[in-house]
Every structure is written in C-alpha cells, then in structure tokens.
> 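This is the structure I have questions about; it appears just below.
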Amino acid sequence: MTSLSYGIMLLFILGFVQYSWLYEPINGVSIEFQSKWSYVFISTILGILVGYLITTGLHFS
C-alpha cells in the first residue's frame with residue numbers, strides 16, 4: 001500500500017513536470033529545464049518509477 005501511495009504522489013509530480021514543460025517552458029512554475037535532454041531524462045526516470053511503484057502497489061494490495 002505504501003508503494004501505491006508513493007506512486008500516486010510521483011504521478012502528480014510527473015504531471016507537474018509535464019505542465020511546466022508544455023505550458024511554461026521558459027519561466028517554468030516548478031522546474032526550469034536547461035535543455036530538451038534534461039526534460040526527457042527527468043520524464044523518463046519519473047515515468048519508470050511511477051510505473052514500478054504503482055504496479056507493485058497494486059500487486060501487493
């Protein structure tokens with residue numbers, strides 16, 4: 001259950017990252033990305049963590 005709640009929290013953070021890239025790319029609300037690759041790297045890592053935590057949370061609950 002803990003990993004499911006962490007996965008949901010990281011899903012909100014991932015959504016916040018996507019929002020700051022798509023709608024506020026220059027003066028981002030949360031993160032100012034230096035390049036496109038930093039955005040891709042952060043999005044990929046957060047996406048993998050969200051997927052892992054939510055699937056293990058659903059599996060064990």
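Reckoned from all heavy atoms, side chains included, excluding hydrogens, waters and symmetry mates. Heads up: numbering here begins at 1 and tracks the sequence. Not measured: the values here are computed from a predicted model.
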> Run the side chain to side chain donor-acceptor pair (under 3.5 Å) test against Thr56 and tell me which residues pass, sequence neighbours left out.
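Thr56 satisfies side chain to side chain donor-acceptor pair (under 3.5 Å) with no other residue.
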> How far does CG of Leu53 sit from CG of Leu4, to the nearest 0.5 angstrom?
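These two atoms lie 9.0 Å from each other.
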> Would you mind listing every side chain to side chain donor-acceptor pair (under 3.5 Å) that reaches into residues 8-17, with sequence neighbours excluded?
none
> Scan the side chains in residues 9-16 for donor-acceptor partners under 3.5 Å anywhere in the protein, sequence neighbours excluded, and list what turns up.
none

> Could you list the donor-acceptor pairs under 3.5 angstrom formed by side chains in residues 41-52, with sequence neighbours left out?
from	atom 1	to	atom 2	distance (Å)
Ser43	OG	Gln18	NE2	2.9
Ser43	OG	Tyr39	O	3.0
Thr44	OG1	Val40	O	2.7

